[in-house]
Protein chains: 2
Amino acid sequence: MRRDVFQAIADPTRRAILSLLTLHAMTPNAIAAHFDCSRQAISKHIQILAECHLVEQHQTGREINYHFNAEKMKEVDIWMEQFRKQWESRFDQLDEILKTP
Amino acid sequence: MRRDVFQAIADPTRRAILSLLTLHAMTPNAIAAHFDCSRQAISKHIQILAECHLVEQHQTGREINYHFNAEKMKEVDIWMEQFRKQWESRFDQLDEILKTP
DNA sequence: TATACACGCAACCATTTGATTGCGCAAAAT
DNA sequence: ATTTTGCGCAATCAAATGGTTGCGTGTATA
């Protein structure tokens, strides 16, 4: 089971869950109320998000509040940043421009 | 077949292909030479990248050169924007902690 | 003209994914 | 004490994914 952040955010439902959790921590039931699929389906998505630490849990009584872990999302940002650098530093771009008549 | 940028970059091989293509445009054969799987497997990855316009093609004779489309990658960046605030504020908090004697 | 090459496409296969249903357990409410 | 609620877990299933092999077509080369 390879679980990385990229695979976690590949699913639109999981992205929506993350967006919800940026507002405030929520229980699985509260999250599921925003979607038209079963609580269990949402629960499995949360589990995947938890496995790669994009969300963390905090239990109070029988309720479990899940909250977003922004730090983990940095991994995507870091990759994008490296990518951007690599792209911007390519030196054949000038050549392309000069070649056009 | 939903094909969005997030699903495209979920696969590590596809991310590696994109990384290669930031350096210069390449043919499927040239790309496949960098991986230990068949040309067809790479070709399918390229097709997925092309479907969501992360790469564009330019045919010259019997060769097809694929090049990276940076514009499309912006979609990820735009989506990430909503989270960036959170970890930046977290940084501020860390500053606060460090400032206290 | 005959041969070698670059590539896309289709068929096929094992594994993973996303969803459902049913269950059991512990905490809260009655 | 009994019922209701919130939740995770296991079994199950259709569909998607990532890979393979084989084939056809069009372009370059001998």
Please list, in numerical order, the residues of residues 30-37 of chain B that have a heavy atom closer than 4.0 Å to any atom of DNA chain C.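 Nucleic-acid contacts, sorted: none.
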
Do the side-chain N or O atoms of [X] get closer than 4.0 angstrom to the phosphate oxygens (OP1, OP2) of [N]?
X: A:Tyr66; N: D:dG8; result: yes
X: A:His45; N: C:dA19; result: yes
X: A:Asn29; N: D:dT5; result: no
X: B:Ser38; N: D:dG19; result: no
X: B:Thr27; N: C:dC7; result: yes

Tell me, do [X] and [Y] make a side-chain contact under 4.5 Å, heavy atoms counted?
X: B:Leu21; Y: B:Met26; result: yes
X: A:Lys74; Y: B:Phe83; result: no
X: B:His67; Y: B:Val55; result: no

I'd like to know if the side chain of A:Gln86 pairs up with that of A:Arg90 as donor and acceptor (distance under 3.5 Å, no hydrogens or angles considered).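 Not at all, the side chains of A:Gln86 and A:Arg90 share no donor-acceptor pair under 3.5 Å.
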
Rounding to a whole Å, what distance do you find between [X]:[atom1] and [N]:[atom2]?
X: A:Phe6; N: D:dT17; atom1: CZ; atom2: P; answer: 19 Å
X: A:Asn65; N: D:dG6; atom1: CG; atom2: C1'; answer: 12 Å
X: B:Gln57; N: C:dC9; atom1: CD; atom2: P; answer: 9 Å
X: A:Gln47; N: C:dG18; atom1: CD; atom2: P; answer: 13 Å
X: A:Lys44; N: D:dC7; atom1: NZ; atom2: P; answer: 18 Å
X: A:Glu63; N: C:dA27; atom1: CD; atom2: C1'; answer: 10 Å
X: B:Leu49; N: D:dG18; atom1: CG; atom2: P; answer: 11 Å
X: A:Ile46; N: C:dT17; atom1: CD1; atom2: C1'; answer: 17 Å

Donor-acceptor pairs under 3.5 angstrom involving side-chain atoms of residues 37-50 of chain B: please list them, not counting sequence neighbours.
unit_1	atom_1	unit_2	atom_2	d
B:Ser38	OG	B:Ala41	N	3.2
B:His45	ND1	B:Arg14	NH1	3.0

Quick one: list whatever passes salt bridge (Lys or Arg N to Asp or Glu O under 4.0 Å) with A:Asp77, sequence neighbours left out.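 Residues passing salt bridge (Lys or Arg N to Asp or Glu O under 4.0 Å) with A:Asp77: B:Arg84.
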
ring-ring contact (aromatic ring centres under 6.0 Å, His included) pairs, two or more places apart, involving residues 4-33 of chain A: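 Every ring-ring contact (aromatic ring centres under 6.0 Å, His included) pair that includes a residue of residues 4-33 of chain A, provided the two are not neighbours, is A:Phe6-A:Trp79.
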
Would you call B:Lys72 and B:Asp4 a salt bridge, taking side-chain N to carboxylate O under 4.0 Å as the test?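 No, B:Lys72 and B:Asp4 are not salt-bridged.
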
Base contacts versus sugar-phosphate-only contacts with protein, heavy atoms under 4.0 Å: please encode nucleotides 22-30 of chain D as B, S and - from 5' to 3'. B----BS--

Which residues share a side-chain hydrogen bond (donor to acceptor under 3.5 Å, both in side chains) with B:Gln57, sequence neighbours left out: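 Residues passing side-chain hydrogen bond (donor to acceptor under 3.5 Å, both in side chains) with B:Gln57: none at all.
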
